[in-house]
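The next block holds one structure in the form of structure tokens; read it before the comments.
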Amino acid sequence: MNNQKTLAVLGGTGNEGKGLALRWANAGYKVILGSRSAEKAAEVAEEMNAILGSSNVSGSGNVQAAEQADIAVLTVPYSAQRAVVEEVQHALSGKILVDVTVPLKPPRVFQVQLPDNGSAVQAVQTFLGDGVKVVSAFQNISAHHLTDLDYRFDCEVLVCGDDAEACETVIQMSEAIGLHAWHAGVLANSVVAEALTSVLIAINKRYKTPSAGIRITGVNAA
């Protein structure tokens, strides 16, 4: 079962990482929070375990978390994406890296500002090479309600990647926390999910809501 795998959530003390980590731990995964500060990661992990009444979460530095995990999930801001990937590169060989990165450039986060080469996630795959299976997912899920385990999201996840089996693993990870996911094609298609985040932020601002999302219609998901 996939929930027997160990997940490293790199940047796991930030809002998005912390919310995803809490939900995966609640679903039965063993989760290691990675952070620049191992002490902070350990503190947040202790808080999560108190909420869950379990010991599914631990905390360490980003490198140690990646080394101990079967699957790594990158949830750091765009400005830190490349530096963290370079730091943990050696620990990712033969593994899946789920990249949640969105190329937001404050303060104009409601405006699409893609990198010159297109997808920020695809750039990571190019850097890491074929030894790591990079999958893009969760860019369009608002962090606002993630830590509320009773909240049910009315939105869906786009999963992009060049390895079908890795994408299916990430789809199962999404379904495990109550988020229906769609295989949205090759990793290059991640550029759409990355750009959509700024669109959703603009909608949130215009309509005064914290959690605009997307749904795919007209497809039989059975």
Side chains of Gln113 and Ser198: do they bring a donor and an acceptor to under 3.5 Å?
no
Could you go through the side chain to side chain contact (heavy atoms under 4.5 Å, CB included) check for Tyr78 and Leu104 one step at a time?
CA-CA 7 Å; Tyr78 176 56; Leu104 298 176; 5.7 Å; no
Gln125-Asp99 side chain donor-acceptor pair, cut-off 3.5 Å:
no
Who clusters with Leu10? Use side-chain heavy atoms, under 4.5 angstrom, across I, L, V, M, F, W and Y, and order the result by chain and number.
Val63, Leu74, Val76, Val84, Val85, Val88, Leu92, Leu97, Val121, Val124, Phe127, Leu128, Val132, Val134, Leu187
Begin with the C-alpha distance, continue with both residues' side-chain angles, and end with the deciding distance and a verdict on side chain to side chain contact (heavy atoms under 4.5 Å, CB included) for Phe153 and Ile141.
CA-CA 9 Å; Phe153 282 89; Ile141 301 300; 4.0 Å; yes
With a 3.5 Å distance limit and no angle check, can you tell me whether Trp24 reaches the backbone of Met173 through a side-chain donor-acceptor pair?
yes
Short side-chain to backbone donor-acceptor contact, Ser174 and Val170, under 3.5 Å:
no
Roughly how far, to the nearest 0.5 Å, is the OG atom of Ser136 from the CG atom of Asp162?
11.0 Å
Say whether His183 and Glu168, considering side chains only, have a donor N or O and an acceptor N or O under 3.5 Å apart.
no
Ser142 (side chain) donor-acceptor with Pro210 (main chain) under 3.5 angstrom
yes
Main-chain N/O of Ala66 paired with Lys95 side-chain donor or acceptor, under 3.5 Å:
yes
Any sub-3.5 Å donor-acceptor pair from Ser37's side-chain atoms to Lys40's backbone N or O?
yes
Please answer whether the main-chain N or O of Ser35 pairs with a side-chain N or O of Asn62 as donor and acceptor at a distance below 3.5 Å.
yes
Donor-acceptor contacts under 3.5 Å from residues 143-151 side chains, at least two apart:
unit_1, atom_1, unit_2, atom_2, d
Asp148, OD1, Asp150, N, 3.1

Apply side chain to side chain contact (heavy atoms under 4.5 Å, CB included) to residues Asn204 and Phe110 and explain how you reach the verdict.
CA-CA 9 Å; Asn204 284 341; Phe110 50 84; over 6 Å; no
Pairs in or reaching into residues 121-146: which pass salt bridge (charged side-chain N to carboxylate O under 4.0 Å, His left out), with residues at least two apart or in two chains?
Lys133-Asp163
Does Leu114 offer a backbone N or O that forms a donor-acceptor pair with the side chain of Glu194 under 3.5 Å?
no
Calculate, to the nearest 0.5 Å, the distance between atoms CD and OG belonging to Gln64 and Ser58 respectively.
11.0 Å
Taking only distance into account, with no hydrogens and no angle test, what donor-acceptor pairs under 3.5 Å do side-chain atoms of residues 41-48 form with protein atoms, sequence neighbours excluded?
none

Spacing of CG belonging to Leu200 relative to CD belonging to Gln139, to within rounding of 0.5 Å:
11.0 Å
For residues Tyr29 and Thr6, determine if any side-chain heavy atom of one lies less than 4.5 Å from a side-chain heavy atom of the other.
no
Output the distance between atom OG1 (Thr75) and atom CD (Glu16), rounded to the nearest 0.5 Å.
7.5 Å
What pairs of residues pass the salt bridge (charged side-chain N to carboxylate O under 4.0 Å, His left out) test when at least one of them lies in residues 64-89, not counting sequence neighbours?
Arg82-Glu86
Passes side chain to side chain contact (heavy atoms under 4.5 Å, CB included), Ile32 versus Ser60? Steps please.
CA-CA 7 Å; Ile32 307 170; Ser60 70; 3.7 Å; yes
Please answer: with hydrophobic residues joined when any side-chain heavy atoms are less than 4.5 Å apart, are Val135 and Ile171 in the same cluster?
yes
Contacts of type side-chain contact (heavy atoms from CB on, under 4.5 Å), residue Ser54, not counting sequence neighbours
Asn49, Leu52, Asn56
Does any N or O in the side chain of Asn140 come within less than 3.5 Å of the main-chain N or O of Glu156, such that one atom is a donor and the other an acceptor?
no
